[in-house]
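Before any comments, here is the structure.
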Amino acid sequence: MMADFQPLVPGAGPEITLGVMGGGQLGRMFVHAAQQMGFFTAVLDPDANSPAGRVSHHHIQTAYTDPEGLAKLAAVSFAITTEFENVPAQALVELAKSRPVAPAASAVGIAQDRAAEKAHFVNCGVPCAPYAVIETPAQLAAVADNLLPGILKTTRMGYDGKGQVRVTTRAELAAAWDGLKQVPCVLEKMLPLALECSVLVARGSDGSCVNLPVQRNLHRDGILAVTEVYEGNLPAAPAERAVAAAKSIANGLQYVGVLCVEFFVLDESNPAAAGLGGLVVNEMAPRPHNSGHYSMDACDQSQFDLQVRTLAGLPLVQPRQHSPAIMLNLLGDIWPGQGSQDGAPPWAQVLALPGTHLHLYGKSKASKGRKMGHLNITGPTVEQVRATALQAAKILGIAAF
Ligand code: ADP
Ligand code: MG
(Lines give C-alpha, C1' and ligand atoms only; values in the text may rest on other atoms or scores of the structure.)
(Ligands and ions follow the chains in the order given, each with its own letter.)
Protein backbone atom coordinates (compact mmCIF):
# COMPACT_ATOMS: atom_id res chain seq x y z
CA MET A 1 0.00 0.00 0.00
CA MET A 2 1.15 3.51 -0.71
CA ALA A 3 1.92 5.52 2.37
CA ASP A 4 -0.32 8.43 1.38
CA PHE A 5 -3.34 6.21 0.79
CA GLN A 6 -6.64 7.78 1.88
CA PRO A 7 -9.80 5.70 2.43
CA LEU A 8 -11.96 5.55 -0.69
CA VAL A 9 -15.44 6.95 -0.36
CA PRO A 10 -18.20 4.49 -1.28
CA GLY A 11 -20.86 5.73 -3.66
CA ALA A 12 -18.89 8.71 -4.90
CA GLY A 13 -19.42 7.78 -8.56
CA PRO A 14 -17.68 6.15 -11.49
CA GLU A 15 -14.39 7.76 -10.71
CA ILE A 16 -14.11 5.52 -7.62
CA THR A 17 -13.43 2.21 -9.30
CA LEU A 18 -11.93 -0.87 -7.65
CA GLY A 19 -9.89 -3.10 -9.95
CA VAL A 20 -9.33 -6.83 -9.78
CA MET A 21 -6.85 -9.04 -11.59
CA GLY A 22 -8.69 -12.17 -12.71
CA GLY A 23 -12.27 -12.77 -13.76
CA GLY A 24 -13.17 -16.06 -12.07
CA GLN A 25 -15.89 -16.66 -9.51
CA LEU A 26 -13.91 -15.08 -6.69
CA GLY A 27 -13.60 -11.92 -8.77
CA ARG A 28 -17.30 -12.04 -9.54
CA MET A 29 -18.26 -12.18 -5.87
CA PHE A 30 -15.78 -9.40 -5.10
CA VAL A 31 -17.42 -7.30 -7.85
CA HIS A 32 -20.87 -7.97 -6.38
CA ALA A 33 -19.72 -6.91 -2.90
CA ALA A 34 -17.97 -3.79 -4.23
CA GLN A 35 -21.00 -2.77 -6.27
CA GLN A 36 -23.31 -3.32 -3.31
CA MET A 37 -21.30 -0.67 -1.50
CA GLY A 38 -21.56 1.70 -4.45
CA PHE A 39 -18.12 1.26 -5.97
CA PHE A 40 -17.55 0.85 -9.67
CA THR A 41 -15.44 -2.11 -10.72
CA ALA A 42 -12.89 -3.10 -13.34
CA VAL A 43 -11.82 -6.66 -14.15
CA LEU A 44 -8.79 -7.70 -16.17
CA ASP A 45 -9.24 -11.16 -17.69
CA PRO A 46 -8.56 -12.42 -21.23
CA ASP A 47 -11.81 -14.43 -21.40
CA ALA A 48 -14.78 -12.58 -22.95
CA ASN A 49 -17.15 -14.73 -20.88
CA SER A 50 -15.31 -14.64 -17.57
CA PRO A 51 -17.69 -14.83 -14.57
CA ALA A 52 -16.47 -11.49 -13.15
CA GLY A 53 -15.96 -9.70 -16.46
CA ARG A 54 -19.60 -10.21 -17.29
CA VAL A 55 -20.87 -8.37 -14.20
CA SER A 56 -18.27 -5.63 -13.93
CA HIS A 57 -18.56 -2.00 -15.12
CA HIS A 58 -15.28 -2.36 -16.98
CA HIS A 59 -13.84 -5.52 -18.46
CA ILE A 60 -10.33 -5.22 -19.83
CA GLN A 61 -9.88 -8.22 -22.02
CA THR A 62 -6.14 -8.81 -22.30
CA ALA A 63 -3.52 -11.21 -21.02
CA TYR A 64 -2.44 -10.65 -17.39
CA THR A 65 0.99 -9.46 -18.49
CA ASP A 66 -0.12 -7.24 -21.39
CA PRO A 67 1.40 -3.79 -20.70
CA GLU A 68 -1.52 -1.99 -22.37
CA GLY A 69 -4.09 -3.97 -20.44
CA LEU A 70 -2.30 -3.27 -17.17
CA ALA A 71 -2.04 0.42 -18.04
CA LYS A 72 -5.79 0.54 -18.75
CA LEU A 73 -6.60 -1.19 -15.48
CA ALA A 74 -4.40 1.26 -13.60
CA ALA A 75 -5.94 4.19 -15.47
CA VAL A 76 -9.52 3.36 -14.42
CA SER A 77 -8.89 1.93 -10.92
CA PHE A 78 -8.24 3.71 -7.64
CA ALA A 79 -6.91 0.53 -6.04
CA ILE A 80 -6.36 -2.98 -7.32
CA THR A 81 -6.65 -6.48 -5.84
CA THR A 82 -6.35 -10.01 -7.15
CA GLU A 83 -8.70 -12.94 -7.12
CA PHE A 84 -6.36 -15.53 -8.48
CA GLU A 85 -3.17 -16.56 -6.80
CA ASN A 86 -1.19 -17.38 -9.89
CA VAL A 87 -1.54 -13.87 -11.28
CA PRO A 88 1.99 -13.03 -12.41
CA ALA A 89 3.64 -11.22 -9.49
CA GLN A 90 5.41 -8.98 -12.02
CA ALA A 91 2.03 -7.66 -13.17
CA LEU A 92 1.26 -6.60 -9.59
CA VAL A 93 4.67 -4.93 -9.36
CA GLU A 94 3.83 -2.97 -12.54
CA LEU A 95 0.43 -1.90 -11.23
CA ALA A 96 1.90 -0.91 -7.87
CA LYS A 97 4.04 1.70 -9.58
CA SER A 98 0.98 3.88 -10.05
CA ARG A 99 -1.80 2.47 -7.81
CA PRO A 100 -2.26 0.93 -4.37
CA VAL A 101 -2.22 -2.86 -4.84
CA ALA A 102 -3.39 -5.18 -2.07
CA PRO A 103 -2.22 -7.80 -1.36
CA ALA A 104 1.28 -6.74 -2.39
CA ALA A 105 3.25 -8.60 -5.07
CA SER A 106 5.74 -9.70 -2.41
CA ALA A 107 3.05 -11.53 -0.38
CA VAL A 108 1.43 -13.04 -3.47
CA GLY A 109 4.87 -14.16 -4.67
CA ILE A 110 5.47 -16.05 -1.42
CA ALA A 111 2.06 -17.74 -1.57
CA GLN A 112 2.78 -18.84 -5.15
CA ASP A 113 5.81 -20.84 -4.11
CA ARG A 114 5.36 -23.72 -1.65
CA ALA A 115 9.01 -23.58 -0.59
CA ALA A 116 8.92 -19.84 0.15
CA GLU A 117 5.54 -20.24 1.82
CA LYS A 118 6.78 -22.97 4.16
CA ALA A 119 9.89 -20.95 4.99
CA HIS A 120 7.58 -18.07 5.95
CA PHE A 121 5.48 -20.34 8.20
CA VAL A 122 8.63 -21.55 9.94
CA ASN A 123 9.78 -17.92 10.38
CA CYS A 124 6.47 -17.09 12.02
CA GLY A 125 6.93 -20.00 14.44
CA VAL A 126 3.97 -21.93 13.03
CA PRO A 127 4.78 -25.63 12.49
CA CYS A 128 4.14 -27.21 9.08
CA ALA A 129 4.60 -30.82 7.93
CA PRO A 130 8.26 -31.91 7.92
CA TYR A 131 9.50 -31.31 4.36
CA ALA A 132 12.46 -31.07 2.04
CA VAL A 133 12.95 -28.85 -1.00
CA ILE A 134 13.93 -30.86 -4.10
CA GLU A 135 15.45 -28.85 -6.94
CA THR A 136 18.52 -30.97 -7.75
CA PRO A 137 19.36 -34.70 -7.97
CA ALA A 138 21.64 -34.19 -4.95
CA GLN A 139 18.71 -32.86 -2.89
CA LEU A 140 16.63 -35.81 -4.03
CA ALA A 141 19.32 -38.23 -2.85
CA ALA A 142 19.66 -36.43 0.47
CA VAL A 143 15.97 -36.71 1.44
CA ALA A 144 15.62 -38.04 4.99
CA ASP A 145 13.98 -41.45 5.36
CA ASN A 146 11.44 -40.13 7.84
CA LEU A 147 9.76 -38.02 5.10
CA LEU A 148 8.44 -41.24 3.54
CA PRO A 149 5.69 -42.05 2.94
CA GLY A 150 5.17 -38.54 1.67
CA ILE A 151 3.58 -36.27 -0.91
CA LEU A 152 5.69 -34.73 -3.64
CA LYS A 153 4.23 -31.34 -4.62
CA THR A 154 5.41 -28.95 -7.32
CA THR A 155 6.41 -25.68 -5.63
CA ARG A 156 4.44 -23.64 -8.18
CA MET A 157 1.04 -23.71 -9.92
CA GLY A 158 -0.54 -26.54 -7.90
CA TYR A 159 -4.22 -26.36 -6.97
CA ASP A 160 -7.11 -28.72 -6.26
CA GLY A 161 -4.65 -31.60 -5.77
CA LYS A 162 -2.96 -31.06 -9.14
CA GLY A 163 0.83 -31.30 -9.31
CA GLN A 164 0.97 -33.80 -6.43
CA VAL A 165 2.10 -37.41 -6.24
CA ARG A 166 1.92 -39.68 -3.20
CA VAL A 167 5.07 -41.77 -2.77
CA THR A 168 6.09 -44.54 -0.38
CA THR A 169 9.61 -45.57 -1.42
CA ARG A 170 12.71 -43.77 -2.68
CA ALA A 171 12.24 -45.44 -6.06
CA GLU A 172 8.69 -44.08 -6.28
CA LEU A 173 9.93 -40.66 -5.23
CA ALA A 174 12.56 -40.60 -7.99
CA ALA A 175 10.03 -41.79 -10.56
CA ALA A 176 7.50 -39.20 -9.41
CA TRP A 177 10.02 -36.37 -9.70
CA ASP A 178 10.88 -37.53 -13.23
CA GLY A 179 7.15 -37.65 -13.95
CA LEU A 180 6.93 -34.00 -12.84
CA LYS A 181 9.77 -33.20 -15.27
CA GLN A 182 12.15 -32.51 -12.35
CA VAL A 183 10.63 -29.07 -11.72
CA PRO A 184 11.28 -27.64 -8.24
CA CYS A 185 9.22 -29.57 -5.68
CA VAL A 186 8.76 -30.05 -1.98
CA LEU A 187 8.43 -33.48 -0.45
CA GLU A 188 6.15 -33.42 2.57
CA LYS A 189 5.80 -36.16 5.12
CA MET A 190 2.37 -37.79 4.89
CA LEU A 191 0.61 -36.92 8.12
CA PRO A 192 -2.31 -38.67 9.81
CA LEU A 193 -5.12 -36.11 9.59
CA ALA A 194 -7.97 -36.00 12.11
CA LEU A 195 -9.58 -33.15 10.14
CA GLU A 196 -8.80 -30.16 7.93
CA CYS A 197 -9.74 -26.58 8.69
CA SER A 198 -9.05 -23.07 7.44
CA VAL A 199 -9.15 -19.53 8.74
CA LEU A 200 -9.83 -16.34 6.82
CA VAL A 201 -8.28 -13.18 8.13
CA ALA A 202 -8.58 -9.65 6.81
CA ARG A 203 -5.78 -7.21 7.59
CA GLY A 204 -5.82 -3.49 6.92
CA SER A 205 -2.95 -1.23 5.99
CA ASP A 206 -3.06 0.13 9.56
CA GLY A 207 -2.28 -3.37 10.87
CA SER A 208 -5.77 -4.07 12.24
CA CYS A 209 -6.74 -7.69 11.72
CA VAL A 210 -10.08 -9.52 12.00
CA ASN A 211 -11.05 -13.12 11.31
CA LEU A 212 -13.97 -15.26 10.28
CA PRO A 213 -14.76 -18.30 12.45
CA VAL A 214 -12.70 -21.45 11.79
CA GLN A 215 -14.04 -23.53 8.93
CA ARG A 216 -13.97 -27.32 8.93
CA ASN A 217 -13.33 -28.62 5.42
CA LEU A 218 -13.90 -31.94 3.70
CA HIS A 219 -11.98 -32.55 0.47
CA ARG A 220 -12.81 -35.20 -2.10
CA ASP A 221 -10.39 -36.03 -4.92
CA GLY A 222 -8.26 -33.08 -3.83
CA ILE A 223 -11.13 -30.58 -4.24
CA LEU A 224 -13.08 -28.91 -1.43
CA ALA A 225 -16.47 -30.63 -1.17
CA VAL A 226 -18.09 -29.47 2.09
CA THR A 227 -17.39 -26.72 4.63
CA GLU A 228 -19.08 -26.76 8.05
CA VAL A 229 -19.00 -23.77 10.35
CA TYR A 230 -20.75 -23.76 13.71
CA GLU A 231 -20.07 -24.06 17.44
CA GLY A 232 -18.39 -27.38 18.09
CA ASN A 233 -17.38 -28.13 14.48
CA LEU A 234 -13.89 -28.75 15.76
CA PRO A 235 -12.16 -28.92 19.15
CA ALA A 236 -11.69 -25.49 20.75
CA ALA A 237 -7.95 -25.65 21.42
CA PRO A 238 -6.69 -26.21 17.85
CA ALA A 239 -9.31 -23.76 16.57
CA GLU A 240 -7.97 -21.00 18.80
CA ARG A 241 -4.41 -21.81 17.84
CA ALA A 242 -5.32 -21.76 14.14
CA VAL A 243 -6.74 -18.23 14.43
CA ALA A 244 -3.65 -16.98 16.28
CA ALA A 245 -1.36 -18.68 13.73
CA ALA A 246 -3.24 -17.21 10.74
CA LYS A 247 -2.95 -13.72 12.25
CA SER A 248 0.76 -14.07 12.88
CA ILE A 249 1.27 -15.34 9.31
CA ALA A 250 -0.59 -12.25 7.99
CA ASN A 251 1.30 -9.89 10.30
CA GLY A 252 4.62 -11.44 9.28
CA LEU A 253 3.85 -10.56 5.66
CA GLN A 254 2.65 -7.03 6.51
CA TYR A 255 -0.31 -8.33 4.59
CA VAL A 256 -3.12 -6.08 3.36
CA GLY A 257 -6.27 -7.85 2.17
CA VAL A 258 -8.02 -11.17 2.79
CA LEU A 259 -5.82 -14.19 3.44
CA CYS A 260 -6.91 -17.79 3.86
CA VAL A 261 -4.70 -20.19 5.81
CA GLU A 262 -5.36 -23.93 5.67
CA PHE A 263 -4.45 -26.26 8.54
CA PHE A 264 -4.35 -29.95 9.41
CA VAL A 265 -5.52 -31.12 12.83
CA LEU A 266 -3.56 -34.32 13.43
CA ASP A 267 -4.67 -37.67 14.76
CA GLU A 268 -2.36 -37.74 17.75
CA SER A 269 -3.00 -41.40 18.47
CA ASN A 270 -0.91 -42.11 15.36
CA PRO A 271 2.87 -42.22 15.97
CA ALA A 272 3.47 -40.31 12.70
CA ALA A 273 1.99 -37.22 14.42
CA ALA A 274 4.56 -37.32 17.21
CA GLY A 275 6.31 -34.07 18.07
CA LEU A 276 4.18 -31.83 15.83
CA GLY A 277 1.88 -30.46 18.52
CA GLY A 278 -1.42 -31.55 16.98
CA LEU A 279 -1.88 -28.67 14.52
CA VAL A 280 0.17 -27.88 11.42
CA VAL A 281 -0.30 -25.26 8.75
CA ASN A 282 -0.74 -26.59 5.21
CA GLU A 283 -0.85 -23.65 2.80
CA MET A 284 -2.22 -20.14 2.31
CA ALA A 285 -4.13 -18.35 -0.42
CA PRO A 286 -3.63 -14.57 -0.82
CA ARG A 287 -7.32 -13.93 -1.51
CA PRO A 288 -10.81 -15.02 -0.46
CA HIS A 289 -11.22 -18.79 -0.55
CA ASN A 290 -13.77 -21.42 -1.46
CA SER A 291 -13.96 -22.44 2.22
CA GLY A 292 -15.11 -18.91 3.14
CA HIS A 293 -18.19 -18.80 0.91
CA TYR A 294 -20.54 -19.67 3.79
CA SER A 295 -19.82 -16.18 5.15
CA MET A 296 -21.98 -14.69 2.37
CA ASP A 297 -25.14 -15.97 4.08
CA ALA A 298 -24.09 -16.84 7.62
CA CYS A 299 -22.07 -13.80 8.72
CA ASP A 300 -22.77 -10.08 8.99
CA GLN A 301 -19.81 -9.48 6.67
CA SER A 302 -18.74 -11.85 3.94
CA GLN A 303 -15.15 -12.52 2.99
CA PHE A 304 -15.77 -10.35 -0.10
CA ASP A 305 -17.09 -7.46 2.00
CA LEU A 306 -13.86 -7.73 3.97
CA GLN A 307 -11.83 -7.70 0.75
CA VAL A 308 -13.62 -4.50 -0.35
CA ARG A 309 -12.97 -2.86 3.02
CA THR A 310 -9.27 -3.75 3.05
CA LEU A 311 -8.81 -2.53 -0.51
CA ALA A 312 -10.69 0.71 0.06
CA GLY A 313 -8.97 1.39 3.38
CA LEU A 314 -12.30 1.31 5.23
CA PRO A 315 -12.58 0.23 8.90
CA LEU A 316 -12.33 -3.45 9.78
CA VAL A 317 -14.79 -4.65 12.39
CA GLN A 318 -14.73 -8.21 13.72
CA PRO A 319 -17.40 -10.12 11.71
CA ARG A 320 -20.12 -12.04 13.54
CA GLN A 321 -21.57 -15.34 12.39
CA HIS A 322 -25.33 -15.19 12.99
CA SER A 323 -26.27 -18.68 11.85
CA PRO A 324 -24.71 -22.13 11.78
CA ALA A 325 -23.78 -22.93 8.19
CA ILE A 326 -22.80 -25.65 5.78
CA MET A 327 -21.53 -25.02 2.26
CA LEU A 328 -21.77 -27.63 -0.47
CA ASN A 329 -19.49 -27.05 -3.43
CA LEU A 330 -21.36 -27.49 -6.71
CA LEU A 331 -18.98 -29.12 -9.16
CA GLY A 332 -19.75 -29.79 -12.81
CA ASP A 333 -20.02 -33.48 -11.91
CA ILE A 334 -23.61 -33.02 -10.72
CA TRP A 335 -24.85 -31.46 -13.97
CA PRO A 336 -26.86 -33.85 -16.12
CA GLY A 337 -25.50 -34.13 -19.66
CA GLN A 338 -22.13 -32.77 -18.55
CA GLY A 339 -20.42 -30.63 -21.15
CA SER A 340 -23.65 -29.70 -22.89
CA GLN A 341 -25.96 -26.89 -21.91
CA ASP A 342 -29.09 -28.95 -21.71
CA GLY A 343 -30.15 -29.84 -18.26
CA ALA A 344 -29.49 -28.39 -14.84
CA PRO A 345 -29.55 -29.97 -11.39
CA PRO A 346 -32.98 -29.94 -9.69
CA TRP A 347 -32.62 -26.45 -8.19
CA ALA A 348 -36.32 -26.01 -7.44
CA GLN A 349 -36.30 -29.08 -5.21
CA VAL A 350 -33.25 -27.82 -3.38
CA LEU A 351 -34.66 -24.29 -3.01
CA ALA A 352 -37.84 -25.77 -1.51
CA LEU A 353 -35.76 -26.68 1.56
CA PRO A 354 -35.58 -24.01 4.30
CA GLY A 355 -32.41 -21.93 4.55
CA THR A 356 -30.87 -22.82 1.20
CA HIS A 357 -28.95 -20.11 -0.69
CA LEU A 358 -27.91 -20.91 -4.25
CA HIS A 359 -24.88 -19.17 -5.78
CA LEU A 360 -24.05 -19.90 -9.42
CA TYR A 361 -21.07 -18.38 -11.15
CA GLY A 362 -22.49 -17.94 -14.64
CA LYS A 363 -20.31 -20.59 -16.29
CA SER A 364 -22.10 -22.01 -19.30
CA LYS A 365 -20.21 -25.28 -19.62
CA ALA A 366 -20.16 -27.86 -16.83
CA SER A 367 -17.30 -30.34 -16.66
CA LYS A 368 -15.94 -32.76 -14.10
CA GLY A 369 -14.31 -30.99 -11.17
CA ARG A 370 -15.23 -27.52 -12.48
CA LYS A 371 -16.52 -25.16 -9.77
CA MET A 372 -19.93 -24.07 -11.04
CA GLY A 373 -21.35 -22.64 -7.84
CA HIS A 374 -22.02 -23.37 -4.20
CA LEU A 375 -25.02 -23.93 -1.98
CA ASN A 376 -25.05 -22.40 1.48
CA ILE A 377 -27.40 -23.82 4.08
CA THR A 378 -28.26 -21.80 7.17
CA GLY A 379 -30.81 -22.39 9.91
CA PRO A 380 -31.67 -21.88 13.57
CA THR A 381 -29.80 -24.94 14.89
CA VAL A 382 -26.85 -27.09 13.88
CA GLU A 383 -29.13 -30.14 13.75
CA GLN A 384 -31.48 -28.46 11.29
CA VAL A 385 -28.67 -27.16 9.13
CA ARG A 386 -27.06 -30.59 8.98
CA ALA A 387 -30.37 -32.32 8.21
CA THR A 388 -31.17 -29.85 5.42
CA ALA A 389 -27.66 -30.04 3.99
CA LEU A 390 -27.82 -33.83 3.85
CA GLN A 391 -31.22 -33.65 2.13
CA ALA A 392 -29.88 -31.16 -0.41
CA ALA A 393 -26.80 -33.30 -1.01
CA LYS A 394 -29.00 -36.32 -1.63
CA ILE A 395 -31.17 -34.44 -4.14
CA LEU A 396 -28.06 -33.22 -5.95
CA GLY A 397 -26.25 -36.56 -5.97
CA ILE A 398 -23.47 -35.35 -3.65
CA ALA A 399 -22.21 -38.10 -1.30
CA ALA A 400 -23.26 -37.79 2.36
CA PHE A 401 -20.69 -36.45 4.83
P1 ADP B 1 -3.81 -27.89 -3.17
O2 ADP B 1 -2.97 -26.71 -3.46
O3 ADP B 1 -4.07 -28.73 -4.36
O4 ADP B 1 -5.02 -27.57 -2.34
P5 ADP B 1 -2.75 -29.13 -0.75
O6 ADP B 1 -1.31 -29.06 -0.39
O7 ADP B 1 -3.70 -28.35 0.07
O8 ADP B 1 -2.86 -28.83 -2.29
O9 ADP B 1 -3.16 -30.68 -0.70
C10 ADP B 1 -4.44 -31.12 -1.08
C11 ADP B 1 -4.98 -32.10 -0.05
O12 ADP B 1 -4.12 -33.25 0.08
C13 ADP B 1 -5.06 -31.54 1.35
O14 ADP B 1 -6.24 -30.80 1.52
C15 ADP B 1 -5.01 -32.81 2.19
O16 ADP B 1 -6.27 -33.47 2.18
C17 ADP B 1 -4.04 -33.68 1.44
N18 ADP B 1 -2.66 -33.47 1.93
C19 ADP B 1 -1.79 -32.55 1.50
N20 ADP B 1 -0.62 -32.59 2.17
C21 ADP B 1 -0.73 -33.60 3.06
C22 ADP B 1 0.13 -34.16 4.05
N23 ADP B 1 1.37 -33.70 4.24
N24 ADP B 1 -0.32 -35.21 4.79
C25 ADP B 1 -1.57 -35.69 4.59
N26 ADP B 1 -2.44 -35.20 3.68
C27 ADP B 1 -2.05 -34.17 2.92
MG1 MG C 1 -5.20 -26.90 -0.40
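In each ligand, atom 1 is the first atom listed, and ligand 1 is the first ligand listed.
Just one of H359, H293, K363, E83 meets the side-chain hydrogen bond (donor to acceptor under 3.5 Å, both in side chains) condition when paired with Q25; it is K363. Screening L18, V256, L306, V20 against L311 for a side chain to side chain contact (heavy atoms under 4.5 Å, CB included) leaves a single residue, L18.
Taking the six-membered ring wherever Trp is involved, the centroid distance between the rings of F39 and F78 does not fall below 6.0 Å. Ring pair H58/F40: centre-to-centre distance not below 6.0 Å.
When side chains are defined from C-beta on, R241 does not count as touching F263, because their heavy atoms never get closer than 4.5 Å.
Using a 4.0 Å cut-off between a side-chain N of Lys or Arg and a carboxylate O of Asp or Glu, R166 and E172 do not qualify as a salt bridge. Of the charged side-chain nitrogens involved, none lies within less than 4.0 Å of a carboxylate oxygen, so that D333 and R370 do not count as a salt-bridged pair.
Between M21 and I80, the shortest heavy-atom contact is CG-CG2, 4.3 Å.
Enumerated by chain and number, the residues approaching ligand 1 to less than 4.0 Å through a heavy atom are R114, I151, K153, G158, Y159, D160, G161, Q164, R166, E188, K189, M190, L191, L193, E196, H219, F264, N282, E283.
For the Mg ion (ligand 2), the tally of protein N/O/S atoms lying closer than 2.8 Å stands at 1.
Side-chain atoms of Q307 do not come within 3.5 Å of backbone N or O of F30 as any donor-acceptor pair.
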